[in-house]
Number of protein chains: 2
Amino acid sequence: MTLQRPYTSILDRLRTVGLRPTRQRLALAKLLFDNGHRHISAEQLHSEALGSNIRVSLATVYNALHQFTDAGLLREIVVEPGRSYFDTNIATHHHFYFETSGRLEDIPGDEVRWEKLPAAPVGYQIKRVDVIVRVDG
Amino acid sequence: MTLQRPYTSILDRLRTVGLRPTRQRLALAKLLFDNGHRHISAEQLHSEALGSNIRVSLATVYNALHQFTDAGLLREIVVEPGRSYFDTNIATHHHFYFETSGRLEDIPGDEVRWEKLPAAPVGYQIKRVDVIVRVDG
DNA sequence: GTGATTGCAAATCTTTTGCACTAAA
DNA sequence: TTTAGTGCAAAAGATTTGCAATCAC
C-alpha cells in the first residue's frame, strides 16, 4: 500500500512507482489528482481529457488507470455489472452507492468499525475489505 | 426482503412472486435452488442448463436471473468488471472473494458485526450492506 | 384468445489486444 | 539506440434489445 504524499509532484509520483511520465500519463494524472478526491469511470476521464484538449485514446486511458491502480495510486470500485469507478482516495474508507443515480460517495474510514470480522481463510491474506452501503430513496 | 421458505415448491415460489412458471423458469429455478446454495454466473447457469438438456437461450437465462433477483429469490454480487455472480443465499451474509481463482465463498451473517456504521444519508434508506473481503495468497 | 414469455440474432457497452508508430531514457 | 508507451482499429466479453413465434392462463 503506497502512502499518499500530497506534496509530491505528479511527475515524481509517476517516477516513484516506475511509470514513465509521458505526456498522456501526466495529463491524466493531473486530471485525476489535482481536483480533490474523485470517483471517475474510464469513459468519464476520457471525455474530460478530450474536453481539455488532451489527445489520448480510450485504450490509453484504460491502460493508465490500471497502471495507476496496480501502482497503488488509485483504487477500483465495482458497483454493478458494467459500472466501475476509479477512486483517487486510497486511504482506508468505504462507500455509499446511490442505486438510482449511480453515484458513489465516500464513507470516511472511521465511520465504519468492526466488532467482529472473520480471519482470512488458511493460506490466504486479506488484501482489502470493501464495504458498499447501497441506498435508494 | 422475501423470507426463504425451504418447503415451498419451486412452482409455488414462482407463482408467489408473480412469475409464470414456464418450462424454462422452472428448469432454471430447479438448477438454482435444488442444489444447495451457490454462486453462479449467467454463463455458467446457461451451460449447466444445456448440459442437462434444457433448451434455453442465454438471453432467457439473463432475463430469469434478473427477474428472480428483482423478486428477492436471488442476490447479485459484482466482484470485478465483467464478473458477477448470482447467489441463491438471500439471508444476510457476506463474502470472501479469492482474487486469483475468481471464487466467492460465504461468510455467515454472524461472522460480521458492526461496532459502528454510518446512518443512511438524509432522504435515503439503506437497501443492503455488502461486505467483500478480498483475499489472495 | 390475449397477454406474457421465449428464442434468436443483432446491437450495445465495457474492456482488452495486436501491432506499427512514437517518444522517453 | 533501446525499450516502454501510444493510437487505432479490431476483438472479446458481458449484457440488453427488438420482434416474430410460442406458451400459460
Side-chain angles (χ1 to χ4, degrees), chain A residues 9-31 39-50 53-71 73-74 76-86 99 102 104, chain B residues 9-31 39-50 53-71 73-74 76-86 99 102 104:
Chain A
S9 77
I10 283 175
L11 198 142
D12 287 343
R13 256 202 267 184
L14 292 182
R15 286 226 172 90
T16 302
V17 300
L19 292 172
R20 284 192 186 175
T22 63
R23 183 169 33 82
Q24 292 83 344
R25 285 186 187 149
L26 279 169
L28 293 174
K30 214 158 149 36
L31 288 176
H39 304 116
I40 194 168
S41 70
E43 196 59 66
Q44 274 166 31
L45 182 58
H46 185 231
S47 312
E48 218 170 272
L50 297 186
N53 283 314
I54 299 156
R55 213 161 50 290
V56 64
S57 72
L58 183 55
T60 297
V61 171
Y62 271 104
N63 284 339
L65 285 172
H66 288 143
Q67 291 152 351
F68 293 176
T69 302
D70 293 345
L73 303 175
L74 288 178
E76 187 169 8
I77 322 257
V78 197
V79 286
E80 283 185 14
R83 177 172 263 156
S84 78
Y85 293 104
F86 293 86
E99 306 212 318
L104 217 47
Chain B
S9 75
I10 283 175
L11 199 140
D12 285 344
R13 256 202 268 182
L14 292 183
R15 287 224 172 90
T16 301
V17 298
L19 292 173
R20 283 192 185 174
T22 62
R23 182 170 37 80
Q24 292 84 343
R25 295 214 272 232
L26 279 168
L28 293 174
K30 215 157 147 37
L31 288 176
H39 304 117
I40 195 169
S41 69
E43 197 60 66
Q44 274 166 31
L45 182 58
H46 185 230
S47 313
E48 219 172 271
L50 297 186
N53 283 315
I54 299 157
R55 213 161 47 292
V56 64
S57 72
L58 183 56
T60 298
V61 171
Y62 271 104
N63 284 339
L65 285 172
H66 287 143
Q67 290 152 352
F68 293 175
T69 301
D70 292 345
L73 302 175
L74 288 178
E76 186 169 10
I77 323 257
V78 196
V79 285
E80 283 183 16
R83 177 172 262 156
S84 78
Y85 293 105
F86 293 86
E99 305 212 320
L104 218 48

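Lettering of chains follows the sequences in order, A, B, ..., and the numbering in each one begins at 1.
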What's the [atom1]-[atom2] distance between [X] and [N], to the nearest Å?
X: A:His46; N: D:dT6; atom1: NE2; atom2: C1'; result: 12 Å
X: B:Leu19; N: C:dT5; atom1: CG; atom2: P; result: 7 Å
X: A:Glu80; N: C:dT14; atom1: CD; atom2: C1'; result: 14 Å
X: B:Leu14; N: C:dA4; atom1: CG; atom2: C1'; result: 14 Å
X: A:Gln24; N: C:dA23; atom1: CD; atom2: P; result: 9 Å
X: A:Leu26; N: C:dA23; atom1: CG; atom2: P; result: 15 Å

Are [X] and [Y] side-chain neighbours, meaning at least one heavy-atom pair lies under 4.5 Å?
X: B:Arg25; Y: B:Phe68; answer: yes
X: B:Glu76; Y: B:His66; answer: yes
X: A:Leu50; Y: A:His46; answer: yes

*Quick one: do A:Ile40 and A:Leu31 satisfy side-chain contact (heavy atoms from CB on, under 4.5 Å)? Show the steps, please.*
CA-CA 10 Å; A:Ile40 194 168; A:Leu31 288 176; over 6 Å; no

Any [X] side-chain nitrogen or oxygen under 4.0 Å from OP1 or OP2 of [N]:
X: A:Gln67; N: D:dG5; value: no
X: B:Ser57; N: C:dG7; value: yes
X: B:Arg25; N: C:dT6; value: yes

*Nucleotide by nucleotide, 5' to 3', does protein get under 4.0 Å of the base (B), only the sugar-phosphate (S), or neither (-) in nucleotides 12-25 of chain D, counting heavy atoms?*
--SBBB------BS

_Please give me the minimum heavy-atom distance between A:Thr69 and A:Leu65, naming the atom from each residue._
OG1-O, 2.7 Å

*asked:* Is it the case that the side chain of B:Arg15 and the backbone of B:Pro21 share a donor-acceptor pair, with hydrogens and angles ignored and the cut-off at 3.5 Å?
replied: no

